Amino acid sequence: MNTLGRTLLATTALGTATLAYAAGIERRRWTLREATVPVLAPGSAPLRVLHLSDLHMTPGQKSKQRWVAALADLEPDLVVNTGDNLAHQQAVPAVVRALGPLLSRPGVFVFGSNDYYAPRPKNPARYLLPSAKTKRIHGIPLPWRDLRAAMVEHGWLDLTHARRRFEVKGLEVFAAGLDDPHLKRDRFEEISGPIPDVPLRLGVTHSPEPRVLDPFAAEGYDLVLAGHTHGGQLRIPGYGAIVTNCDLDRSRARGVSRWGSHMWLNVSAGLGTSPYAPVRFACPPEASLLTLVARPVDAGQGWSGAERDTRFGVGGNVR
């Protein structure tokens with residue numbers, strides 16, 4: 001075999017191995033991302049927030065359901081779900097089983113496009129094109145109202161174009177959320193207005209579009225939680241996310257970052273994929289456990305927290 005033949009053979013083998021890893025191993029490598037974020041009013045006691053996003057659940061994904069349910073062992077003070085829970089018309093019971101042990105804890109949520117509509121087969125390359133941000137291809141409607149009813153019945157608060165004030169572990173929280181900016185359903189004017197001076201002002205949205213992050217920051221929110229990006233889903237080591245599937249810059253595709261001089265942002269890389277693109281590379285599925293602590297008296301000080309990934313309660317396989 002000549003040099004060209006050996007090179008082609010090696011390239012093909014490497015590509016096959018990479019695809020097998022991305023589809024067969026990494027997309028089931030459930031990971032807990034932990035971060036400490038200084039966003040609370042000075043003097044506040046720490047608050048543990050579990051951020052879940054982008055489950056894209058189908059009925060047969062038993063390993064994912066078990067792993068999410070086991071997150072209740074972390075005993076979070078507050079659970080925030082930023083949408084895209086569904087990927088199948090019959091997935092609501094599976095999502096409720098996964099969230100079941102967490103539904104007894106305080107929680108808030110908004111929905112994403114894949115709560116409203118099922119995914120459809122698409123050419124993955126279209127996400128690399130500018131038209132992907134403007135052209136929407138919707139699948140069949142999904143039973144998001146049934147999922148909403150289950151969450152609300154257990155006491156979670158729907159923040160879709162709503163402002164809510166509540167108490168968690170003795171700490172006052174003000175939270176507001178938007179309908180999915182990816183579908184251009186966001187109407188910030190419905191939640192705009194003066195916000196109370198409480199220890200935590202929390203914004204919640206599915207897609208972290210700068211056009212909604214900017215007004216959250218301008219109105220004085222301390223922290224915004226979002227999902228949608230899948231962390232890029234396919235990342236190049238040393239380069240990061242290739243795309244974010246929104247107008248957010250690649251450097252913020254997952255994890256904690258600053259947005260402006262006051263506000264913080266956490267973007268979850270999420271726990272699922274579309275059934276038609278079941279691969280992840282250098283971007284394992286994740287949930288986020290954020291320990292919120294008091295910010296420095298000098299608000300201009302930099303972030304002194306830490307961020308790390310851990311494996312948590314891994315077991316079984318997704319069918």
Side-chain angles (χ1 to χ4, degrees), residues 27 30-35 37 49-57 64 67-68 71 76 78-87 91 95 98-99 102 107-117 119 127 133 142 144 147-148 151 156 158-160 175-186 202-213 216 221 223-235 241 243-257 259 263-274 277 280 283-290 307 309:
R27 73 183 180 97
W30 317 117
T31 302
L32 182 69
R33 181 183 293 273
E34 298 185 64
V37 194
V49 176
L50 178 65
H51 180 193
L52 302 175
S53 197
D54 298 86
L55 274 70
H56 293 282
M57 190 74 76
K64 186 190 298 183
W67 191 83
V68 173
L71 292 171
L78 176 67
V79 183
V80 179
N81 183 308
T82 51
D84 271 13
N85 297 278
L86 305 174
V95 174
L99 297 178
L102 292 164
V108 298
F109 66 92
V110 295
F111 285 140
S113 59
N114 284 133
D115 293 303
Y116 299 124
Y117 302 104
Y127 288 110
K133 296 179 181 179
L142 291 175
W144 63 271
L147 181 57
R148 180 188 184 278
M151 291 177 170
W156 281 16
D158 184 355
L159 292 181
T160 305
L178 295 169
D179 208 344
D180 186 13
H182 185 63
L183 293 180
K184 301 189 184 303
R185 293 189 178 200
D186 55 296
L202 177 67
V204 183
T205 180
H206 175 64
S207 180
E209 298 287 351
R211 72 169 189 274
V212 302
L213 299 177
F216 272 126
Y221 286 80
L223 172 67
V224 170
L225 302 186
H228 177 70
T229 66
H230 295 193
Q233 191 164 325
L234 303 176
R235 297 174 67 94
V243 295
T244 63
N245 196 25
C246 64
D247 287 332
L248 189 72
D249 56 283
R250 293 186 306 100
S251 66
R252 304 173 194 265
R254 69 178 182 189
V256 177
S257 63
W259 191 273
M263 195 175 81
W264 292 83
L265 169 69
N266 185 65
V267 178
S268 171
L271 283 160
T273 65
S274 166
R280 280 181 176 260
C283 189
E286 70 174 37
S288 303
L289 182 64
L290 307 176
E307 189 172 24
D309 295 348

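None of the values given here were measured: they were computed from a predicted structure. Both backbone and side-chain heavy atoms feed into the values below; hydrogens, waters and symmetry mates do not. In what follows, residues are counted from 1 in the order of the sequence shown.
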What I'd like to find out is whether the side chain of [X] reaches to under 4.5 Å of the side chain of [Y], using heavy atoms alone.
| X | Y | value |
| --- | --- | --- |
| Pro208 | Arg252 | no |
| Leu52 | Leu102 | yes |
| Met151 | Asn85 | yes |
| Val243 | Gln233 | no |

Could you tell me which non-hydrogen atom of [X] sits nearest to which non-hydrogen atom of [Y], and how far apart they are?
| X | Y | value |
| --- | --- | --- |
| Trp30 | Pro285 | CE3-CG, 3.5 Å |
| Met57 | Ala91 | O-CB, 3.2 Å |
| Ala87 | Pro119 | O-CD, 3.8 Å |
| Asp179 | Tyr116 | OD1-OH, 2.7 Å |
| Ala253 | Thr244 | CB-CG2, 3.9 Å |

With Leu225 as reference, evaluate Leu265, Val110, Val80 under the side-chain contact (heavy atoms from CB on, under 4.5 Å) test and give the passing residue.
-> Val80

Given the options Leu78, Val49, Leu159, Leu202 meets side-chain contact (heavy atoms from CB on, under 4.5 Å) only with Leu78

Judged by atom type as modelled, is there a donor-acceptor pair below 3.5 Å linking the side chain of [X] to the main-chain atoms of [Y]?
| X | Y | answer |
| --- | --- | --- |
| Arg211 | Pro181 | yes |
| His182 | Gly112 | no |
| Glu209 | Cys246 | no |
| Asp115 | Asp84 | yes |
| Arg280 | Gly232 | no |

Looking at OG of Ser207 and CG of Leu248, how far apart are the two atoms once the value is rounded to the nearest 0.5 Å?
-> 8.0 Å

Using the test side-chain hydrogen bond (donor to acceptor under 3.5 Å, both in side chains), find all partners of [X] that sit at least two apart in sequence or belong to another chain.
| X | result |
| --- | --- |
| Asn114 | none |
| Arg148 | Asp158 |
| Trp259 | Asp214 |
| Thr82 | His51, Ser53 |

Go through Val224 and Val212 one step at a time and tell me if the side-chain contact (heavy atoms from CB on, under 4.5 Å) criterion holds.
-> CA-CA 10 Å; Val224 170; Val212 302; over 6 Å; no

Please walk me through it: do Val37 and Asn266 pass side-chain contact (heavy atoms from CB on, under 4.5 Å)?
-> CA-CA 10 Å; Val37 194; Asn266 185 65; over 6 Å; no

Please name all residues satisfying ring-ring contact (aromatic ring centres under 6.0 Å, His included) with Phe109, sequence neighbours left out, ordered by chain then number.
-> Phe111

Please walk me through it: do Ser274 and His56 pass side-chain contact (heavy atoms from CB on, under 4.5 Å)?
-> CA-CA 7 Å; Ser274 166; His56 293 282; 5.6 Å; no

With sequence neighbours excluded, tell me which residues meet salt bridge (Lys or Arg N to Asp or Glu O under 4.0 Å) with Asp180.
-> none

